Amino acid sequence: MSSAAVGLGAAGDPDLRKLGKTGAQVLPVSLGGEGILRTTGRAREAVPVILEALRLGVRYCDTAPAYEQSQDYYGAAFREAGPEARQGVFLASKVHLRGRDEALRLLDDSLKRLGTAYLDLWQLHDLRDEEDLDLIFAKGGAIEAALRAQADGRVRFIGLTGHHDPKILLEAMRRHGFDSVLCSLNPADPHRRPFASTVVAEARRQGMGVVGMKVLAAGRLVHDVAATPVELIRYAASQVDTVIIGCSSVGEVRANLAAAHHFQAMPQDAMVALERRIAPRASRYDYFKAD
């Protein structure tokens, strides 16, 4: 477990912190691309979720081509909110394809769906095994797509994501100097294949931005009354720059972003106590990791 709380990144707003070497200023809590956004044909419910997050000052927005119509919903929300809304957020999407040419085609489709000329962050999505790395870093692999897109302005920063095996992310980080990493982080993390003590620690050493996911374990931790949403947000956001949470309603957006304002880091002894509380059922809350 990372023991150091994240330093604040903006002198003018104590709720903001810096997203590593990207220099972007983000709240402790950001809008995830899943929840109601990972659906098809539900724009009437999904777009208001994004609009409310924008209204409440969210700084980092997450999406991906793999998340059904998530990108389309963002595009619709930006059109409704106006161009200032897009310019006011750090927009992150992903690519799950491993070859250069197919990845670039997917990027152009993402830009079209999102209604933007560029992404602030384009991430190599869901790295799971050595085969993924071999394909990405081979001649004609997706890393070439990312570098080309960065050179021509379609992408500002390049990141990677994973929740399966920290060793794979560490190896990717050894092969290339990424700008950010998105990894899983909840109180079950120390149980096995920990990300906090490995990936997060190495990302900090490299000056990368660090984003946490799986904070609520897809709601299982809350459903089981194992911990409250505020506890889980404080736990994860005390160790990373921001956490992304998928929302199912406008009410969830309000509750999550309320936790971001006037944020207080969780002391280390409280984090350890929460980990111990979760430990007996940790396997239920780290189900997304490799066996």
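Being a predicted model, the structure only gives us computed values, none of them experimental. Numbers here are sequence positions counted from 1.
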- [ ] Verify whether one side chain among Gln71 and Ser110 offers a donor that lies under 3.5 Å from an acceptor in the other.
- [x]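 Side chains of Gln71 and Ser110: pair found under 3.5 Å.
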
Please tabulate, for the side chains in residues 141-155, all donor-acceptor contacts under 3.5 angstrom to protein atoms that are two or more places apart in sequence or on a different chain.
{"from": "Glu144", "atom 1": "OE1", "to": "Arg100", "atom 2": "NH1", "distance (Å)": "2.8"}
{"from": "Glu144", "atom 1": "OE1", "to": "Gly140", "atom 2": "N", "distance (Å)": "3.3"}
{"from": "Glu144", "atom 1": "OE2", "to": "Gly140", "atom 2": "N", "distance (Å)": "3.0"}
{"from": "Gln150", "atom 1": "NE2", "to": "Arg156", "atom 2": "O", "distance (Å)": "3.0"}
{"from": "Asp152", "atom 1": "OD1", "to": "Arg154", "atom 2": "N", "distance (Å)": "3.1"}
{"from": "Asp152", "atom 1": "OD1", "to": "Arg154", "atom 2": "NE", "distance (Å)": "3.1"}
{"from": "Asp152", "atom 1": "OD2", "to": "Arg154", "atom 2": "NE", "distance (Å)": "3.1"}
{"from": "Asp152", "atom 1": "OD2", "to": "Arg154", "atom 2": "NH2", "distance (Å)": "2.7"}
{"from": "Arg154", "atom 1": "NH1", "to": "Asp108", "atom 2": "OD1", "distance (Å)": "3.0"}
{"from": "Arg154", "atom 1": "NH1", "to": "Asp108", "atom 2": "OD2", "distance (Å)": "3.4"}

Open item on the list: Using every non-hydrogen atom in the two residues, find where Pro187 and Pro190 come nearest and quote the distance to one decimal.
Closed with: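 Here Pro187 and Pro190 meet closest at O-CD, 3.4 Å.
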
Open item on the list: Does anything in residues 75-84 form a side-chain hydrogen bond (donor to acceptor under 3.5 Å, both in side chains)? List the pairs, not counting sequence neighbours.
Closed with: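 Non-adjacent pairs meeting side-chain hydrogen bond (donor to acceptor under 3.5 Å, both in side chains): zero.
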
With [X] via side-chain contact (heavy atoms from CB on, under 4.5 Å) - residues at least two apart:
X: Arg86; result: Phe78, Val89, Leu91, Thr116, Tyr118, Asp120
X: Ala203; result: Met173, Val181, Met208, Val210
X: Ala290; result: His164, Arg193

Task: side chain to side chain donor-acceptor pair (under 3.5 Å) partners for Thr39, two or more places apart - done: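 Residues passing side chain to side chain donor-acceptor pair (under 3.5 Å) with Thr39: Tyr73.
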
TODO: Not counting sequence neighbours, which residues clear side chain to side chain donor-acceptor pair (under 3.5 Å) with Arg220? List them please.
DONE: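 Here no residue qualifies.
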
- [ ] Before accepting this row, confirm whether a basic side-chain N of the pair Asp134/Arg98 lies closer than 4.0 Å to the acidic partner's carboxylate O.
- [x]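 Answer for the salt bridge query: no.
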
Task: ring-ring contact (aromatic ring centres under 6.0 Å, His included) partners of residues 255-291, not counting sequence neighbours, each pair once - done: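 As it turns out, the ring-ring contact (aromatic ring centres under 6.0 Å, His included) pairs with a partner in residues 255-291, which skip direct neighbours, are His163-Phe288.
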
- [ ] With sequence neighbours excluded, tell me which residues meet ring pair (Phe, Tyr, Trp, His ring centres under 6.0 Å) with Phe137.
- [x]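 Here no residue qualifies.
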
Open item on the list: Under 4.5 Å side-chain heavy-atom separation, chaining through any Ile, Leu, Val, Met, Phe, Trp or Tyr, what else clusters with Leu182? Say none if it is isolated.
Closed with: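 In the cluster with Leu182 are Leu19, Val26, Tyr60, Phe90, Leu121, Phe157, Val211, Met213, Ile244.
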
Task: Remaining members of hydrophobic cluster (4.5 Å side-chain criterion), Val230 - done: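 Via sub-4.5 Å side-chain contacts, Val230 links to none.
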
Task: Joint cluster assignment, Leu97 & Tyr67, ILVMFWY side-chain distance < 4.5 Å - done: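 Different clusters.
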
Open item on the list: Under the salt bridge (charged side-chain N to carboxylate O under 4.0 Å, His left out) definition, can you give me all pairs with a residue in residues 247-260, not counting sequence neighbours?
Closed with: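 Applying salt bridge (charged side-chain N to carboxylate O under 4.0 Å, His left out) to every pair that reaches into residues 247-260, excluding sequence neighbours, yields Glu52-Arg254.
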
Task: Heavy atoms from other residues, nucleotides or ligands near NZ of Lys21 exceed 12 (cutoff 6.0 Å) - done: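 More than 12 within 6.0 Å, yes.
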
